[in-house]
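Quick note on labels: first sequence line is chain A, next is B, and so on, each numbered from 1.
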Number of protein chains: 2
Amino acid sequence: MNKNKDVGEEQSAALMADVARLAGVAISTVSRALANPGRVNEKTRTRINAAAKQLGYTPNAMARGLRVGKSNTIMIILPGSPYYGASQIIPQVLQSINKSLIQEGYNLMIANLDREEASERHILNLAFGGTVRGVIIFSSKLPEVDGRSPAGAGLPIVSMLFDMSNAGVPSVVTNDREAIRDATTELIRLGHRRFLYIAGPRGNYHDVERYAGVLEALGAGGLSEDALSISGGDLEYQHGFETGIRAVDDFTKLDVRPTAVIATSDDMAISFMSRIQHAGFAVPGDLSIVSFDGSPVCEFCSPPLSTIKQPVEEMGRAAVDLLLGAIDQRQEAAKVRTVIPSKLILRESIGSAKS
Amino acid sequence: MNKNKDVGEEQSAALMADVARLAGVAISTVSRALANPGRVNEKTRTRINAAAKQLGYTPNAMARGLRVGKSNTIMIILPGSPYYGASQIIPQVLQSINKSLIQEGYNLMIANLDREEASERHILNLAFGGTVRGVIIFSSKLPEVDGRSPAGAGLPIVSMLFDMSNAGVPSVVTNDREAIRDATTELIRLGHRRFLYIAGPRGNYHDVERYAGVLEALGAGGLSEDALSISGGDLEYQHGFETGIRAVDDFTKLDVRPTAVIATSDDMAISFMSRIQHAGFAVPGDLSIVSFDGSPVCEFCSPPLSTIKQPVEEMGRAAVDLLLGAIDQRQEAAKVRTVIPSKLILRESIGSAKS
DNA sequence: TTGTACGCGTTATCAC
DNA sequence: GTGATAACGCGTACAA
């Protein structure tokens, strides 16, 4: 079968047929020996294994995939333009997910979903072309063009970070609302009465949740919405750092200056804190700052930045568990929403309100 | 063919045969109409396209791949534990590469290469199992187990960031040595005469190059190696931030204190700069700092951190071009080494030497 | 220009 | 326990 077997040097990939011939058995026996080792005589099995090793045999994934009608590739859909806060955590997420997947024999393919139709089409081709077996979505929207969507391809989907459970997509999220609420409550406890909220894209799930969390804390603390000023929130994508910079302008224009700032991503907080200090405000003397994400770099800001740390590794593992569960049909609807709590890390960017 | 065609609702994937039947042509004609539109009558072609659209037909990638003996997936091998400085730039690299690949009809699969044999085996199965068509390697070593390596699988490989051209792997790198040399020269020009170099893993390509660059600048400036102290350089992996923290200890223990610090990654510089200021040293008053990578966050450090910016997007594009060139055999050996220059970004962390 | 027939490498179904 | 054989969905000689 292998026409190059006599060349010896750069032999092209060994086939199952080559292994069978070398081991002196039928090709189907080789297949079994590799897939169901129990259902084949031990003696022949070892002979087959030896032959396979000698030839450096590796099963052809596409042939197998075609035959069994399944691939073993999972696709993760990343936001095309780095999502306003997520770029810091993407590597951790990918690594966590990939590690979990590999243990179960799956591969990870990545796709970027931006505003161009071409990228949506590409993703859908992956989904409908049988290339992928399941989807982890890390973006705020599902790709859809010509009425086709990954769900329509019959693919299991799990959403990470964004709660899409009301769209029927099992989601692994953190407790955005409670986490921000608790952080705000802590600020109130420290005597703060006026706040600046640096928003993510308006309407975005995270922004909705986090904004609500701030309001809940204000309400519980006996403060009205008037205590809250808002910056950012543009619909258009913007780099987190830029949002923070603009927030400095907004801040300095306010008649009554807030004493505490709640940023919805570390990037925003980092650029804001840097520029606001250049503008002559002391942190935390004049101004306390807390943000969301938990990037490692926050510890080394000046002053060290308080942040709400998202457990991205755990969330990655949970998303994989959910997805593989759906694939194996172990669970059909699963728990639709899995919440993994974030943790407030208090650092020196937060202090008592100026009296 | 499609047994579910009468269900209408959740129809399983339409096949080429379905399209052929609906268009009233033979299955092979459909195949041609999609692949070589020129070689089929316009009238029938439009009929076929209409049928395909109506059925939501998407070609099965595995069947095609099996038939043509090629996949259209590229694998990128990432360092399993975040490489000492690279974690900041991985998202940009992935996005740049993915974008370039999609335009040419390829997909991107990711693999992590850490110290465990399982991950090497996984990568090699991908390579030998026909799953991938080419490899972009972002790690300092090539996976190899049982004497198998991706090159042995006949796969085109391109290395990014690391120069592996002497191992026969076309590489896209930046001018580490010159960039560091120029930065060091600038420090010398500013009157600095003693330096601390915060090293990456000893023996690592980047560290070798960058260290050499420092020495070249010292030599050109009439300084001896005695002008240089070294911190870091552990063989074991360590988080960049930790290396910077340890460098603070090393620095304070030196009898003659350097007035300038050259860090081989932004992470190191960021944690070092933060802690050294807490220890009572002024930047750049007592100490100038420059680092390597060009993370956006450097601009918002206190003081803003000078850094050598690597053109990661360009490097990603170049790597893809090289790889696809090798796949298409347009170029056989290609230029073995492509250098894309980095750019020194001067910020306030650098100043004249204390007199 | 279009249709027929075969094969890509593997797994699953059946006999033996 | 093992072997022959028919698919999986598509591309491509070749014949019509």
Side-chain angles (χ1 to χ4, degrees), chain A residues 1-5 11-21 23-48 51-52 55-72 105 125 128-131 133 153, chain B residues 1-5 11-21 23-48 51-52 55-72 105 125 128-131 133 153:
Chain A
M1 296 295 170
N2 190 335
K3 298 171 186 170
N4 290 14
K5 80 170 180 171
Q11 60 196 16
S12 62
L15 268 33
M16 198 175 257
D18 299 314
V19 177
R21 201 150 17 78
V25 296
I27 185 172
S28 59
T29 306
V30 176
S31 179
R32 243 168 318 180
L34 271 43
N36 307 38
R39 301 174 71 122
V40 65
N41 187 311
E42 166 159 358
K43 194 165 156 58
T44 58
R45 189 180 56 206
T46 55
R47 203 166 69 238
I48 289 173
L55 294 174
Y57 170 72
T58 306
N60 182 300
M62 292 193 297
R64 169 181 303 188
L66 176 60
R67 176 62 237 237
V68 304
K70 308 167 162 113
S71 94
N72 57 349
N125 285 343
F128 282 86
T131 305
R133 182 84 178 283
Chain B
M1 293 296 170
N2 190 337
K3 299 171 186 170
N4 292 13
K5 83 171 175 169
Q11 59 195 16
S12 63
L15 267 34
M16 197 175 259
D18 298 313
V19 177
R21 200 151 16 80
V25 295
I27 183 170
S28 63
T29 307
V30 176
S31 179
R32 249 168 315 186
L34 270 44
N36 306 39
R39 302 177 71 127
V40 64
N41 187 311
E42 168 160 356
K43 192 163 155 61
T44 58
R45 189 181 56 205
T46 53
R47 204 165 68 236
I48 289 174
L55 294 173
Y57 171 72
T58 307
N60 182 300
M62 293 192 295
R64 168 181 298 182
L66 177 60
R67 176 64 237 240
V68 304
K70 308 170 162 120
S71 93
N72 57 350
N125 285 343
F128 282 86
T131 305
R133 182 84 179 282

Novice: How many Å lie between CZ on A:F128 and P on D:dG9, as a whole number?
Specialist: 16 Å
Novice: Begin with the C-alpha distance, continue with both residues' side-chain angles, and end with the deciding distance and a verdict on side-chain contact (heavy atoms from CB on, under 4.5 Å) for A:L34 and A:I48.
Specialist: CA-CA 9 Å; A:L34 271 43; A:I48 289 173; 4.1 Å; yes
Novice: Side chain of B:A63: nearest nucleotide among D:dG9, C:dT2, C:dT11?
Specialist: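 The closest nucleotide is D:dG9.
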Novice: At what distance, to the nearest 0.5 angstrom, does CG of A:N41 lie from OG1 of A:T29?
Specialist: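 OG1 of A:T29 is found 10.5 Å from CG of A:N41.
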Novice: Are B:S31 and D:dT12 close enough that a side-chain N or O sits under 4.0 Å from OP1 or OP2?
Specialist: no
Novice: Which nucleotide wins on minimum distance to the side chain of A:R67, given the candidates C:dG3, D:dA6, D:dG11?
Specialist: D:dA6
Novice: A:I27 side chain: which of D:dT2, D:dG9, D:dT5 is closest?
Specialist: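 The answer is D:dT5.
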Novice: Expressed as a whole number of angstroms, how long is the span from A:E42:CD to D:dG1:P?
Specialist: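 The distance from CD of A:E42 to P of D:dG1 comes to 12 Å, rounded to the nearest Å.
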Novice: What is the distance, rounded to the nearest whole Å, between atom CG of A:N36 and atom C1' of C:dT13?
Specialist: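 Going from A:N36 (CG) to C:dT13 (C1'), I get 13 Å.
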Novice: To the nearest Å, how far apart are B:L66 CG and D:dC8 C1'?
Specialist: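 It works out to 9 Å between those atoms.
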Novice: Starting at the 5' end of DNA chain C, which residue's closest nucleotide do you reach first, B:R45 or B:V68?
Specialist: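 Its nucleotide being nearer the 5' end, the pick is B:R45.
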Novice: Would one find a side-chain N or O of A:Y57 under 4.0 angstrom from OP1 or OP2 of C:dT10?
Specialist: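 Yes.
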Novice: Taking only the side-chain heavy atoms of A:N60 (C-beta and beyond), determine which of D:dC10, C:dT10, C:dG3 contains the nearest atom.
Specialist: C:dT10
Novice: Figure out the CD1/P separation between A:I48 and D:dG3, and round it to whole Å.
Specialist: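 Roughly 8 Å, once rounded to whole Å.
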Novice: Would you mind reading off the distance between B:R21 atom CZ and C:dT2 atom C1', rounded to a whole angstrom?
Specialist: 18 Å
Novice: Looking at A:P37, is its backbone amide N or carbonyl O close enough to the side chain of A:R45 to form a donor-acceptor pair, meaning the two atoms are under 3.5 Å apart?
Specialist: yes
Novice: Separation of A:R39 atom CZ from D:dG3 atom P, in whole Å?
Specialist: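 A:R39 atom CZ is separated from D:dG3 atom P by 15 Å.
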Novice: Of the listed nucleotides (C:dT2, C:dG3, D:dC10), which one gets closest to any side-chain atom of B:N41?
Specialist: C:dT2
Novice: Between CD1 of A:I27 and CG of A:D18, what distance do you get to the nearest 0.5 Å?
Specialist: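 Rounded to the nearest 0.5 Å, the CD1-CG separation comes out at 9.0 Å.
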Novice: Could you tell me how far apart B:R47 (CZ) and C:dT2 (P) are, to the nearest whole angstrom?
Specialist: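 So the two atoms are 8 Å apart, to the nearest Å.
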Novice: Return the nearest nucleotide to the side chain of B:V25; candidates are D:dT2, D:dT12, C:dG3.
Specialist: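 Looking only at heavy atoms from C-beta outward on B:V25, the closest nucleotide is C:dG3.
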Novice: Would you give the length of the straight line joining atom CZ of B:F128 to atom CG of A:N60, rounded to the nearest 0.5 angstrom?
Specialist: 13.0 Å
Novice: Taking only side-chain nitrogens and oxygens of A:S28, does any of them come within less than 4.0 Å of OP1 or OP2 of D:dG3?
Specialist: no
Novice: Does B:R32 get its side chain close enough to the base of D:dT12, under 3.5 Å, for a donor-acceptor pair?
Specialist: no
